[in-house]
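Below you'll find the structure, written out as structure tokens, and then a few comments.
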Amino acid sequence: MQRRVIFDNKLLPYLLLAPQVAVTLVFFIWPAAQAIWQSVHIQDAFGLRSEFVWFENFTAIFTDPNYVGTLRTTAIFSVSVTALSLSVSLLLASLADSKIKGAAVYKTLLIWPYALAPAVAAVLWMFIFNPEIGSLGRLLNGWGYNWDYRLNGDQALTMVILAASWKQVSYNFIFFLAGLQAIPRSVLEAASIDGAGPVRRFWSITFPLLSPTTFFLLVVDMVYAFCETFGTIHALTHGGPGKATETLIFRVYQDGVVNNDLGGSSAQSVLLMVILIVLTTIQFRFVERKVHYS
Amino acid sequence: MATVEIKNVRKSYGPVEAIKGIDIAVQDGEFLVLLGPSGCGKSTLLRMVAGLESITGGQVVIGGRVVNDLDPKDRDIAMVFQNYALYPHMSVFDNMAYGLKIRGVPKPEIETRVAKAAEILELGRFLTRRPSQLSGGQRQRVAMGRAIVREPAAFLFDEPLSNLDAKLRTQMRIEIKRLQDRLGITSLYVTHDQVEAMTLADRILVMNHGVAEQIGTPLEVYQRPASLFVAGFIGSPPMNVLDGVIDASGQGVVMPGGALLPLPRPRPDDANRPVKLGIRPEHLTISDGLAASPILVELVEALGADTVVYGRLPDGESLLIRMAGLPSCTEGDQLSVAPQPGALHLFDAAHGRRLAD
Ligand SMILES: Nc1ncnc2c1ncn2[C@@H]1O[C@H](COP(=O)(O)OP(=O)(O)OP(=O)(O)O)[C@@H](O)[C@H]1O
Ligand SMILES: [Mg+2]
């Protein structure tokens, strides 16, 4: 239900909104506008002059044979990270929601990864997966599996997917747990009296009632996978070996900061923005319809 | 349809004993009401029958089968919850059809059964609506419908009417009674509302602190309460309880004010025994004579059909009197009241159990 608040003072509502608007302007609209402006310019090597070039930067992207590979990597990476972190966190939250001993400790432990900086998390994963010093890396090689993510692109991609998903699991977990706890126990009890076993109960009652949370996390996780995984990839693989773990966001950094191609990099970030807008719109148009809001 | 036997059933939550050994055999088609104050363990007992709560000791037998270790779904029962517990994301039809679908009932039969239940409960117009689009009373009906389409061996109700307003509650109460008469399904019904208990029950199990204080028909429970607790819990306004002493001859009981009330039968063995004396407010009448006590009227409540008088005995004990019709006295009046013959309840002064009549 919507409530209307009536302000006596005409200015007050705008004042209350001002901080939010200011933050959005300074940290979102302004950089986005800058990116769009730069995406249609080319700068010289020293950043002194820039020249308006219409859509040359975009044409360059689309004619670059590597760009398709980056798109493909991004798609695999994002879908995997979103799916993996959603499913694992839902599983963990369901377990935490049932009556278990030490539930409080378990919940706290699960929330910790969220507090770790990407670089720290990456070091941690390195200690696990490094073929020479990593515990799991050595184990795999000991079993005769040739594990070295520094040489094998698929292994590298698997590893960054794992690391990036792991970091998002905590976040999803908190929301899923809150969502699960909001489902009245008696509704599930009614279902079990109606004859539904645990699996059926989950898919026919819990999952649909959790759909607003799942949908919200789907959008958030996708944006995370596209945009916020730069730190993890950078620290773990640097986009390598070759371009095996180079996602769109990583390439934006690579071209802009390392290769000093600000125009090209900006064009890519504008593209990334468009892709995200399209995907989110699709989600809101087609997935949200299936969501049950109580 | 089936019998439900509860055999010395116990429930502990850690060191806390919530149910301390309850025995009752509910007959096929019988309507048993579990009545008691908040926290006495009514829901716990019902949920143990449903299989939602583990059984610490004793046995629950439904239709001749020990169900202690069976899941709720295998017990062939249906339950109506206090908050209805409807599936919020499903239509009214799907709410009622859910249990049937799971049990693999063929689609045409599901449709006829739901349609029949909807007709009985006057839900036909709402079948495509979500629970959130229904009023409290309609939701209640859907919860009932979900229970009856299953045609279970027993119905379990946990305070199904307590979220409704007074008028709707009366109406639904009558409907539940009618429905149960018509379907003849064994029912266990939890409530703390004595009117519901009196009107719905074939038998009432009065519970207190996890034990059964009395099991009996509504009239038995009203006319011959087995303990002071039952005496105080059933009846409104509650029974007057006074300290008395059986006189030396065992012919009567001496009231605090000195009045001598004749006993229905002489109790020579109980001579000089201190007792608790129970008199229902509706069994006191204005009269003179030996058995009468003088009271000072402190408050008069006119309820329309009858009147409740709050009086005080000379020794300071208060006494409630319920009289038919409009008030015939006002505050400050002196009245002389006496119990109707045979309307005395005697309880042991120490443990509160009823003395043998
Ligand atoms: N999970 C639990 N852990 C510990 N004690 C519990 C638990 N559930 C119930 N109890 C206790 O068991 C007793 C009986 O509870 P129950 O819910 O059966 O009461 P009730 O008669 O249904 O009361 P109400 O009329 O308020 O619903 C209460 O004293 C309650 O505190
Ligand atoms: Mg209860």
Side-chain angles (χ1 to χ4, degrees), chain A residues 1-3 86 90 93-94 97-104 175-218 283-284 286-294, chain B residues 13 43 46-47 49-54 62 67 70-91 94-105 130-133 139 142-150 152-160 163:
Chain A
M1 212 172 294
Q2 284 195 339
R3 256 188 301 171
L86 278 178
L90 181 53
S94 311
D97 189 40
S98 45
K99 287 179 219 153
I100 50 166
K101 283 209 175 96
F175 279 88
F176 273 138
L177 188 61
L180 285 171
Q181 286 174 348
I183 297 177
R185 191 119 297 178
S186 58
V187 172
L188 294 168
E189 288 175 347
S192 56
I193 286 178
D194 261 345
V199 175
R200 179 144 202 164
R201 233 158 34 224
F202 182 83
W203 289 113
S204 64
I205 309 286
T206 309
F207 194 71
L209 291 184
L210 213 51
S211 57
T213 309
T214 314
F215 177 71
F216 164 75
L217 289 176
L218 177 71
Q283 287 175 333
F284 271 97
F286 297 103
V287 185
E288 204 199 15
R289 268 202 231 147
K290 300 200 167 63
V291 170
H292 168 81
Y293 292 103
S294 52
Chain B
Y13 293 107
S43 297
L46 193 77
R47 291 166 59 84
V49 175
L52 298 173
E53 208 76 63
S54 66
I62 300 176
V67 298
L70 291 186
D71 282 337
K73 67 178 162 60
D74 300 319
R75 296 191 179 194
D76 198 17
I77 40 117
M79 184 158 168
V80 179
F81 293 81
Q82 179 173 2
N83 63 359
Y84 317 135
L86 299 178
Y87 311 127
H89 56 300
M90 296 183 197
S91 67
D94 288 334
N95 262 279
M96 295 202 265
Y98 184 73
L100 298 176
K101 278 182 194 156
I102 291 177
R103 277 156 221 268
V105 176
R130 292 273 173 87
S132 57
Q133 299 163 320
R139 284 179 212 182
V142 177
M144 296 282 303
R146 190 170 62 179
I148 66 176
V149 290
R150 290 249 324 275
F155 283 146
L156 307 177
F157 300 87
D158 192 353
E159 309 209 21
N163 282 357

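Every value quoted in this text rests on a predicted model; they were computed, and no experiment measured them. In what follows, chains carry the letters A, B, and so on, assigned in the order in which the sequence lines appear, proteins first and then strands, with residues in each chain numbered from 1.
- For Phe284(A) and Phe215(A), the ring centers sit closer than 6.0 Å to each other.
- Under a 4.0 Å N-O distance rule, the pair Asp94(B)/Lys101(B) qualifies as a salt bridge.
- Options His89(B), Lys73(B), Met79(B), Arg75(B) differ in how many heavy-atom pairs under 4.5 Å they form with chain A, and the most are formed by His89(B).
- Taken from OG in Ser94(A) to CZ in Phe207(A), the straight-line distance is 10.0 Å, to the nearest 0.5 Å.
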Can you give the donor-acceptor pairs under 3.5 Å from side chains of residues 194-203 of chain A to other protein atoms, not counting sequence neighbours?
unit_1, atom_1, unit_2, atom_2, d
Asp194(A), OD1, Arg150(B), NH1, 3.2
Asp194(A), OD2, Tyr87(B), OH, 2.7
Arg201(A), NH1, Ala196(A), O, 3.1

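- Contacts between residues 186-193 of chain A and chain B, defined by a heavy-atom separation under 4.5 Å, are made by Ser186(A), Val187(A), Glu189(A), Ala190(A), Ala191(A), Ser192(A), Ile193(A).
- Counting heavy atoms of neighbouring residues, nucleotides and ligands inside a 6.0 Å radius, atom OH of Tyr13(B) exceeds 12 of them.
- Annotation: the span from Glu159(B) atom CD to Ser43(B) atom OG amounts to 6.0 Å, rounded to 0.5 Å.
- Considering Asp76(B), Val49(B), Leu70(B) in turn, Val49(B) is the only one that fulfils the side-chain contact (heavy atoms from CB on, under 4.5 Å) rule with Ile62(B).
- Using a 4.5 Å cut-off between heavy atoms, Leu100(B) makes no contact with chain A at all.
- No part of Ser211(A) comes within reach of chain B, as not one of its non-hydrogen atoms sits under 4.5 angstrom from that chain.
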